[in-house]
Amino acid sequence: MRRAVALRLSAASASLALATTAGVVLSMPQVAAAAGTVTGYATQNGGTTGGAGGQTVRAGTGTAIHAALCGRASSSTPITIEVEGTINHGNTSKVSGGSCNTADGVIELKQISNVTIIGVGGGAVFDQVGIHIREASNIIIQNVTVRNVKKSGSPTSNGGDAIGMESDVRNVWVDHATLEASGGEDEGFDGLFDMKNNTRYVTLSYSVLRNSGRGGLVGSSESDLSNGFITYHHNLYENIDSRTPLLRGGTAHIYNSHFKNISKSGINSRAGAQARVDNNYFEDSKDVLGTFYTDQAGYWQVNGNIFDNVTWSSPGDDNQPAGPDPRSNTSVGIPYSYSLDRADCVPDVVSRTAGAGKGLRVSDGNCTPQTPTPTPTDPDPTPTPTPTVPGGTNLSIGAGSDGSSKASGTSYGNVRDGDMGTYWSPAGSTGAISIKWGSATTVSSINIREASGSAGNIGSWRVLDHDSGTVLASGSGAGAIAVPRTTLRKITFEITGSSGTPRVAEFETYAG
C-alpha cells in the first residue's frame with residue numbers, strides 16, 4: 001500500500017553518507033563497551049552488557065565487522081566493534097570461522113552472544129544493509145544509522161527490516177539509533193524494528209524511526225505469541241503509516257516517546273498483548289492506540305499522555321480504537337525502575353536526544369538532556385561469567401511429584417525421570433509442579449529445563465516451600481534458580497505467566 005504521508009528524508013541523515021573505509025580490523029586499546037546505562041526490560045533476565053570486558057576493534061566495512069566476530073576465541077567471547085563509515089553491499093561479505101555464522105549483504109549476528117556494535121567518529125551508516133539478530137543474546141547496538149533496507153527490488157537485505165530479531169533472541173539494547181526508509185511495502189520496504197519467534201527482553205531507547213510504511217512489530221502472526229518484555233522510550237516515530245509498534249501477545253512498556261504524522265494506526269495491541277503507555281506525546285496523527293485489523297483484542301494501561309490533533313475512527317468488528325477518550329482496560333506492572341519526563345516536554349527532549357549523532361545524550365527525568373559520563377576503563381577486564389547449572393546430585397530423581405493440574409498426555413513424574421523427551425504441561429497457561437520427599441530434604445538451588453520446541457514459553461514464576469507457603473524466589477524465564485538454603489519436604493515451582501504452552505521436561509533440585 002502506497003504511503004499516505006509525504007516522505008521527508010532528513011538533511012542530517014544525508015550528511016552522514018560517508019565514504020567507505022577500508023575493510024580492516026585494527027586492534028585498539030581495551031575500553032568501556034558503550035556509553036550510557038542500559039534501561040528497561042533489557043536490564044532484566046540477568047541484564048545486557050554487550051561486549052563489556054572484551055577486546056575493542058575498529059571496523060570500516062561490513063566485511064571487517066564479520067571478520068571481528070569470526071576472529072574471536074569463541075562465539076561468546078565479549079567484543080566491542082567500533083564502526084565508522086558507510087557499510088553497504090559492496091563492502092559486506094561473508095566471513096567464515098568457528099565463532100560466527102555470517103552472510104553476504106547483511107550484518108549477521110547469528111548464534112553468538114556478548115557483542116557491542118557502536119558508531120564512533122564521523123558516524124556509522126548502514127546503507128541498504130540491515131542488521132539481523134538470530135539465536136543470539138546480550139547484544140548492544142548504539143549510535144548507528146540504518147537506512148533504506150529493502151525486501152524487494154534491488155538490492156535486498158534482511159527481509160526488508162532495518163533491525164530484525166528472530167529465533168530465541170534474548171537481551172538486546174538498541175540505543176540512539178536512526179532507522180529510516182523511503183516508503184512503504186509498494187516501494188520494497190518492510191519494518192524498521194521487528195521481533196519474532198521467541199524474542200524477549202529488548203529495549204529500544206533514544207532512537208528515531210521515520211519515513212516508512214511500518215515502524216515495527218512484536219510477533220509475526222496471531223500465533224507467534226512467544227515474544228515480549230519490550231521497552232520503548234524516548235523515541236521519535238515520524239511519517240509512519242502503522243505499527244508503532246504492532247504487538248501480538250507479550251508485554252510492552254512505551255513511555256516518553258513522540259509520535260508525529262502517524263497516518264493509519266499507531267500502537268496496535270492485539271492477540272492478548274498488554275501495553276503500558278506512559279507520558280507520550282501524540283501529534284497530528286490517526287488512531288494512535290487500540291486494536292486494529294483483527295478481532296483478537298489486546299489491552300493497554302494509559303497514564304499522562306497528550307493527544308494533540310489526533311483523530312479516531314469509529315469502532316468496528318476488526319477495529320477498536322482506544323479514543324477519543326483513551327481509558328485503561330488492564331493494569332501492567334513494571335519490574336524495573338524508571339523516571340518519567342512530563343508529557344508536555346517530550347517533543348523537545350526527544351528532539352535533543354534521540355537518534356544517532358546526538359552524543360548519546362539522555363534525559364534526567366526532569367526534561368533536561370544530559371551527556372552521559374563515560375564508563376571508566378578497566379585495565380584488566382574480566383569476562384562476564386556464564387551462568388552454570390547447579391552442581392551435585394539431582395535430588396529429584398527418585399523423589400515424588402505432583403501439581404495443580406496437567407495437560408492430557410503428560411505426567412507429573414516426567415519432570416523427575418531424567419529424560420528430556422518427556423514433560424509435564426499444565427492444563428492452561430499457568431500451573432504448579434512440585435517435587436516431594438518422604439523426609440525433610442535440604443535444597444539450595446533448582447534447575448527448570450523446558451522441553452524441546454517450547455524454550456522461552458515460561459514467563460513469570462514463583463518457587464515456594466509448599467508446606468509453609470513461603471516464597472523462596474520469583475522471577476521470569478526458565479533455567480537455574482538459587483533459593484535460600486531450606487530444609488523442606490515439598491518444593492513447588494508455580495508458573496504465573498507464560499507465552500505459548502509451558503512444558504517442563506525436568507525439575508531438578510540440588511542441595512548445594
Side-chain angles (χ1 to χ4, degrees), residues 44-46 137 168 170 198 200-201 225-226 228-229 386-512:
Q44 305 296 288
N45 191 45
S137 63
D168 303 325
R170 292 290 185 274
N198 197 22
R200 296 185 173 190
Y201 304 108
L225 305 180
S226 58
F229 307 115
T386 302
T388 58
V389 174
T393 302
N394 175 10
L395 304 174
S396 297
I397 295 179
S401 56
D402 57 28
S404 62
S405 65
K406 63 177 182 291
S408 175
T410 70
S411 166
Y412 298 130
N414 287 345
V415 302
R416 53 179 174 81
D417 61 2
D419 183 357
M420 287 294 292
T422 63
Y423 60 87
W424 162 84
S425 187
S429 60
T430 61
I433 183 73
S434 302
I435 298 294
K436 59 183 180 180
W437 298 270
S439 58
T441 300
T442 300
V443 175
S444 63
S445 59
I446 69 174
N447 189 32
I448 302 297
R449 304 177 70 185
E450 293 178 280
S452 176
S454 60
N457 287 358
I458 294 175
S460 56
W461 49 258
R462 302 191 304 168
V463 179
L464 302 97
D465 178 335
H466 186 88
D467 294 329
S468 69
T470 301
V471 177
L472 303 177
S474 62
S476 61
I481 301 167
V483 299
R485 191 173 180 84
T486 306
T487 301
L488 40 65
R489 289 177 179 268
K490 185 175 182 179
I491 187 168
T492 297
F493 181 71
E494 181 185 17
I495 301 169
T496 58
S498 65
S499 58
T501 301
R503 294 176 176 175
V504 178
E506 292 296 309
F507 181 172
E508 301 173 350
T509 52
Y510 298 88

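The structure presented is a predicted model; accordingly, all values stated were derived computationally and were not measured.
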Legend entry - With Asn198 via side-chain hydrogen bond (donor to acceptor under 3.5 Å, both in side chains) - residues at least two apart: Asp168, Arg170
Legend entry - Those residues that, when tested against Thr410, pass side-chain hydrogen bond (donor to acceptor under 3.5 Å, both in side chains) (two or more places apart): none
Inset, instruction - Side-chain contact test, heavy atoms from C-beta onward, threshold under 4.5 Å: evaluate it for Tyr510 versus Asn394 and give yes or no. - result: yes
Legend entry - Residues in side-chain hydrogen bond (donor to acceptor under 3.5 Å, both in side chains) contact with Thr470, at least two apart in sequence or another chain: Ser468
Inset, instruction - Mind checking salt bridge (Lys or Arg N to Asp or Glu O under 4.0 Å) for Lys406 and listing every partner two or more places apart, or none if nothing turns up? - result: none
Legend entry - For Asp419, all residues meeting salt bridge (Lys or Arg N to Asp or Glu O under 4.0 Å), sequence neighbours excluded: none
Legend entry - Note, Ile433 side chain near Trp424 side chain (heavy atom, < 4.5 Å): yes
Inset, instruction - Output all residues satisfying salt bridge (Lys or Arg N to Asp or Glu O under 4.0 Å) with Glu506, sequence neighbours left out; order by chain, then residue number. - result: none
Inset, instruction - Return each pair, listed once, that meets salt bridge (Lys or Arg N to Asp or Glu O under 4.0 Å) where at least one residue sits in residues 459-475; pairs must be two or more places apart or across chains. - result: Arg462-Glu494
Inset, instruction - Could I get the full list of side-chain hydrogen bond (donor to acceptor under 3.5 Å, both in side chains) partners for Thr441, not counting sequence neighbours? - result: none
Inset, instruction - Give a yes-or-no answer on whether the side chains of Thr442 and Thr487 include a donor-acceptor pair shorter than 3.5 Å. - result: yes
Legend entry - Inter- and intrachain pairs under salt bridge (Lys or Arg N to Asp or Glu O under 4.0 Å), touching residues 468-483, at least two apart: none
Inset, instruction - Could you list all the salt bridge (Lys or Arg N to Asp or Glu O under 4.0 Å) pairs where at least one residue sits in residues 430-452, not counting sequence neighbours? - result: Asp402-Lys436, Arg449-Glu508
Inset, instruction - Using the ring-ring contact (aromatic ring centres under 6.0 Å, His included) rule, collect all pairs that involve residues 462-509, keeping only residues at least two apart or in two chains. - result: Trp461-Phe493
Legend entry - Side chain to side chain, Thr486 and Leu472, heavy atoms closer than 4.5 Å: yes
Inset, instruction - Could you tell me which residues satisfy salt bridge (Lys or Arg N to Asp or Glu O under 4.0 Å) with Arg489, sequence neighbours excluded, listed by chain and number? - result: none
